[in-house]
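By convention in this document, chain letters (A, B, ...) are assigned in the order of the sequence lines, proteins followed by strands, and residues within each chain are numbered from 1. For the numbers below, each heavy atom of this structure counts, side chains included, while hydrogens, waters and symmetry mates do not.
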Amino acid sequence: MSIVKQIQQAAIQSLNELFNQSFTNKDFQLNQTKPEFEGDYTIVLFSLVKSLKLSPDDIGNQLGKHLTQKEESIFTKFNIIKGFLNLTIVDEYWLTILTRSYKDVCFGKKEMNGKKVMVEYSSPNTNKPLHLGHLRNIFLGWSTAEILKANGNEVIKTCIVNDRGIHICKSMIAWQLFANGATPKSTNTKGDHFVGEYYVKFNDELKKQINELKKQGMNEKEAEKETPIMKQAQQMLLDWEAGKPVLISLWNKMNSWVYEGFDITYKKVGADFDKAYYESNTYLLGKKIVEEGLQKNVFAQDEDASVWIDLTTDGLDRKIVQRSDGTSVYITQDIGLAQQKYEEYAIDQSIYVIGDEQNYHMKVLKLIAEKLNLPNAQNIYHLSYGMVELPSGKMKSREGTVVDADDIVNEMENVAKAKTEELGKVKDFTTEELTTLYTTIGLGALKFFLLRVEPKKKMIFNPEESIDFHGFTGPFVQYTHARIKSILRKSEIQNSKFKIQNLLPLEKKLLIILEQFGGVIDKAANEHNPSEIAIYVFEVAKIFNSFYAEHSITNAESEEKKQLRLQLASMSATVIKSGMQLLGIDVPERM
RNA sequence: GGUCUGGUAGCUCAGCUGGAUAGAGCAUCAGCCUUCUAAGCUGAGGGUCAUUGGUUCGAAUCCAAUCCAGAUCACCA
């Protein structure tokens, strides 16, 4: 049990015994004591004043005395300052945690709780390569999944591939018109980039044709509809839905190129999926749902046969769920898929990692699912994240300001290489080891950069300044790990208990934060927020570095101190490593 | 216009289920490598927590209004 919970429990029990009143842990606040005061944890007394009808000092004195007497294996002393009861935990308590857990790679993680969670993330269109925004999505989804696992859930990672629709038709048309049979192989291009080039070509041609029509006096919108190339794309979509064989085979071919490209990127950044759904298989889902919804009177049909749901009583608008021609719209497929996911996996929670531009859509989806009484409707959770923007504003593919995923990964590796060579600490590495190290550091910097910010906040990426390797960054944490490992390679830890008269402030500070790991995982899991882990792991590294600068480990004052510090170092490395793993970041042994 | 999100140091961000003098990193300045990896450590300067009002013993945090920025409200996905 965590120290926080133990203190809460002890305090509740003491209050009960002292005043014969029962409290819960929500009735008083428990904080870590601020560094300028003596103590480890602090109970804020003000909130108890009303129900106990005593002054804060009075309560603090009685509670402090009672706790130190009754729970002397936990508390050693207390002081009260202005309504704050500062409690000092006995050193043996911290030392027990240390000797018990210093090499436990599962430290902080929970037993399986029997819950099943599905995390859907990435979900790209198949007409262009992945960009920095996708990377935020991928890292968030992957990390959230790992955090949920660490907190005891069974997790299914999934992905819905938007492999059909007008966007891919556009690439297909352009390929037919301009490629002369070129392939990724013949042009030596990565498949997703290859197809993306044709998507760009489509838009270039479209722009040309629009301009010509505009010269004839049409306005922009009319012109776009009337361009031959747009009409071709729309016709192609119809033909595709009709299953025209030539088209299907072209579609398969181009999608397979894209998948080859995606696979390379996924593998590089460490993304993986237990199950992939394809829109070409799910887009017809929902017909049944519409029928059922009509029967349940959740949906209503207009005169033109289109089907709607009225959400005005929920503060939203009317939403169409089936077109007048009987085809289903995006949201209908989503409802169908939501149900399918549940039927296939009987999941307890269904998480969607999707950008905040779809907040409204996801709200509607959940609301409809609830109104239809779908079994898992309540447990649909939209993990919404803000857009990644450039200093100049949004990334726009049309203006060529999109930061390509492969490019940025490459660039980070190059920066890692340059910095590593500059420092010259790993000259004995083989070429292979160096390549791995550059990837580890480059990706570490990138992932940490994208995960350290709270998901729902939009973030700004400045390509000019690139990503830092100092301070609140992945490489800083990785470096700390490498430093610790360097020490541990040189000295052997004896698994002995030791009696230490008193822990030095920095030793204790380290232990206190290390002990909190489990609580941090719990919070990150409940809030679906990997940035909690990033912030925590950085804090651990920072405290370790202070400790490292202040106290010698291998040349400690005594053999006992040396053993204590070796164990402390070992536990720090373990926690840093598992924390970083939850973010999808490797930590090197040397760098 | 309706709904939702954000606004904290020059920059990027923590803190937001109310608690002690609002914290980090970057940048700037001053120190620290003959001792375990200086991608590090120590210190300094830097704040009208968008604004105004309210609730409270206590507000960056909760409530209301206003201002600014963004997203969204399609028989697109």
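- Between A:Glu357 atom CD and B:C4 atom C1' there is a gap of 14 Å when expressed in whole angstrom units.
- Rounded to whole angstrom, the span from the NZ atom of A:Lys394 across to the P atom of B:A71 amounts to 5 Å.
- For the pair A:Phe476 CZ and B:A38 C1', the interatomic distance rounds to 12 Å; values are reported in whole Å.
- Using a 4.0 Å cut-off on heavy atoms, the residues of residues 480-490 of chain A that approach RNA chain B are A:Ala482, A:Arg483, A:Ser486, A:Ile487, A:Lys490, listed by number.
- Look at CG on A:Leu506: it is 12 Å from P on B:C41, rounded to the nearest Å.
- Separating the CD atom of A:Glu550 from the C1' atom of B:C36 is a distance of 15 Å, rounded to the nearest angstrom.
- Taking each heavy atom of A:Gln563 and A:Glu492 in turn, the nearest pair found is NE2-O, 3.6 Å.
- Electrostatic pairing of A:Arg590 and A:Asp428 counts as a salt bridge here, judged by a charged N lying under 4.0 Å from a carboxylate O.
- With no hydrogens or angles considered, a side-chain donor-acceptor pair links A:Gln32 and A:Gln516 at under 3.5 Å.
- The base of B:A38 does not come close enough to the side chain of A:Asn545 for any donor and acceptor atom to sit less than 3.5 Å apart.
- Between A:Phe448 and A:Phe476, a ring centre-to-centre spacing not shorter than 6.0 Å is recorded.
- Within the nucleic acid shown, A:Ile535 comes within 4.0 Å of sugar-phosphate atoms alone, with no base atom in reach, counting heavy atoms only.
- Every residue meeting the side chain to side chain donor-acceptor pair (under 3.5 Å) condition with A:Asn162, not counting sequence neighbours, appears here in chain and number order: A:Asn125.
- In terms of position along RNA chain B, the nucleotide closest to A:Glu532 lies nearer the 5' end than the nucleotide closest to the other residue of the pair A:His551 and A:Glu532.
- At the phosphate of B:A77, neither OP1 nor OP2 sits under 4.0 Å from any side-chain N or O atom of A:Gln358.
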Atom pairs under 3.5 Å, N or O on each side, protein against nucleotides 7-11 of chain B: can you list them with distances?
from	atom 1	to	atom 2	distance (Å)
B:G7	OP1	A:Lys457	NZ	3.3

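- If you check every strand for non-hydrogen atoms under 4.0 Å, A:Glu422 touches nothing.
- Remark: A:Lys170 is not positioned above the aromatic ring of A:Tyr199, lacking an NZ or CZ atom under 6.0 angstrom from the ring centre and at most 45 degrees off the axis.
- Residue-level contact check: A:Phe84 touches the bases, meaning some heavy atom is under 4.0 Å from a base atom.
- Nucleotides B:C13 and B:A38, compared at atom P, are 31 Å apart to the nearest Å.
- A salt bridge is absent between A:Lys457 and A:Asp356: the closest approach of a Lys/Arg side-chain nitrogen to an acidic carboxylate oxygen does not fall below 4.0 angstrom.
- For residues 470-480 of chain A, the pairs satisfying side-chain hydrogen bond (donor to acceptor under 3.5 Å, both in side chains) are A:Tyr479-A:Arg483, A:Thr480-A:Asn545, with sequence neighbours left out.
- Contact annotation for A:Gln234: no contact, since no heavy-atom pair falls under 4.0 Å across all strands.
- Side chain to side chain, A:Asn86 and A:Thr42 meet the donor-acceptor criterion of an N or O pair below 3.5 Å.
- Annotation: B:A60 and B:U52 have their P atoms spaced 13 Å apart (nearest Å).
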Below 3.5 Å is the cut-off: list the nitrogen or oxygen pairs between protein and nucleotides 54-59 of chain B, distance only.
none

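- Glycosidic conformation of B:C29 is anti; the angle lies outside 90° of 0.
- To the nearest whole angstrom, the two P atoms, one in B:A59 and one in B:G18, are 13 Å apart.
- Contact annotation: A:Lys456 side-chain N/O to B:G6 OP1/OP2 distance is under 4.0 Å.
- As judged by a 4.0 angstrom heavy-atom cut-off over every strand, A:Lys363 is placed among residues touching the sugar-phosphate backbone only.
- Among residues two or more places apart in sequence or in another chain, the side chain to side chain donor-acceptor pair (under 3.5 Å) test is passed with A:Glu413 by A:Lys268, A:Thr439.
- The neighbour count for A:Lys561 NZ, taken as heavy atoms of other residues, nucleotides or ligands under 6.0 Å away, is above 12.
- Using a 4.0 Å cut-off, some side-chain N or O of A:Arg323 falls inside it from OP1 or OP2 of B:C76.
- With both ends at atom P, the span from B:U56 to B:A14 equals 32 Å, rounded to whole Å.
- RNA chain B forms stems at B:1-7 with B:67-73, B:10-13 with B:23-26, B:28-32 with B:40-44, B:50-54 with B:62-66, each a run of 3 or more consecutive Watson-Crick or G-U wobble pairs whose two key distances fall under 3.5 Å.
- What separates CZ of A:Phe547 from P of B:C36 is a distance of 15 Å, to the nearest Å.
- Across all strands shown, A:Val44 has heavy atoms under 4.0 Å from base atoms, whether or not it also approaches the sugar-phosphate.
- Judged as a salt bridge (Lys or Arg N to Asp or Glu O under 4.0 Å), and not counting sequence neighbours, the contacts of A:Glu557 are A:Arg565.
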Would you tabulate the side-chain donor-acceptor contacts of residues 534-542 of chain A under 3.5 Å, counting partners in other chains and residues two or more places apart, or write 'none'?
from	atom 1	to	atom 2	distance (Å)
A:Tyr536	OH	A:Ile513	O	2.7
A:Tyr536	OH	A:Leu514	O	3.4
A:Tyr536	OH	A:Phe517	N	3.4

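- Residues A:Trp240 and A:Tyr283 bring their aromatic ring centres within 6.0 Å.
- Every side-chain contact (heavy atoms from CB on, under 4.5 Å) that A:Thr332 has, sequence neighbours left out, goes to A:Val290, A:Val321, A:Ser328, A:Val329.
- Residues that satisfy the side chain to side chain donor-acceptor pair (under 3.5 Å) test with A:Ser384, not counting sequence neighbours, are A:Asn359.
- Counting non-hydrogen atoms under 4.0 angstrom, A:Met459 reaches the backbone sugars and phosphates but no base.
- Nucleic acid contact for A:Asn86: base, since at least one base atom lies under 4.0 Å from a heavy atom of the residue.
- Under 3.5 Å, the side chain of A:Ser531 and the base of B:A14 form no donor-acceptor pair of N or O atoms.
- A donor-acceptor contact under 3.5 angstrom links the side chains of A:Ser280 and A:Asp163, judged on distance only.
- Between the CZ atom of A:Phe429 and the P atom of B:U37 there is a distance of 14 Å, given to the nearest Å.
- The residues A:Lys371 and A:Asp314 are annotated as salt-bridged, a charged nitrogen and a carboxylate oxygen being separated by less than 4.0 angstrom.
- No salt bridge links A:Lys394 with A:Glu389; every basic N to acidic carboxylate O contact stays at or beyond 4.0 Å.
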Nucleotides 24-30 of chain B: which of its N/O atoms have a protein N/O under 3.5 Å away?
from	atom 1	to	atom 2	distance (Å)
B:G25	O2'	A:Phe472	N	3.2

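- For the pair A:Ser546 and B:U42, the criterion of a side-chain N or O lying under 4.0 Å from OP1 or OP2 is met.
- Residue-level contact check: A:His382 touches neither bases nor backbone, having no heavy atom under 4.0 Å from any strand.
- As a whole-Å value, the separation of A:Gln478 CD from B:G40 P is 12 Å.
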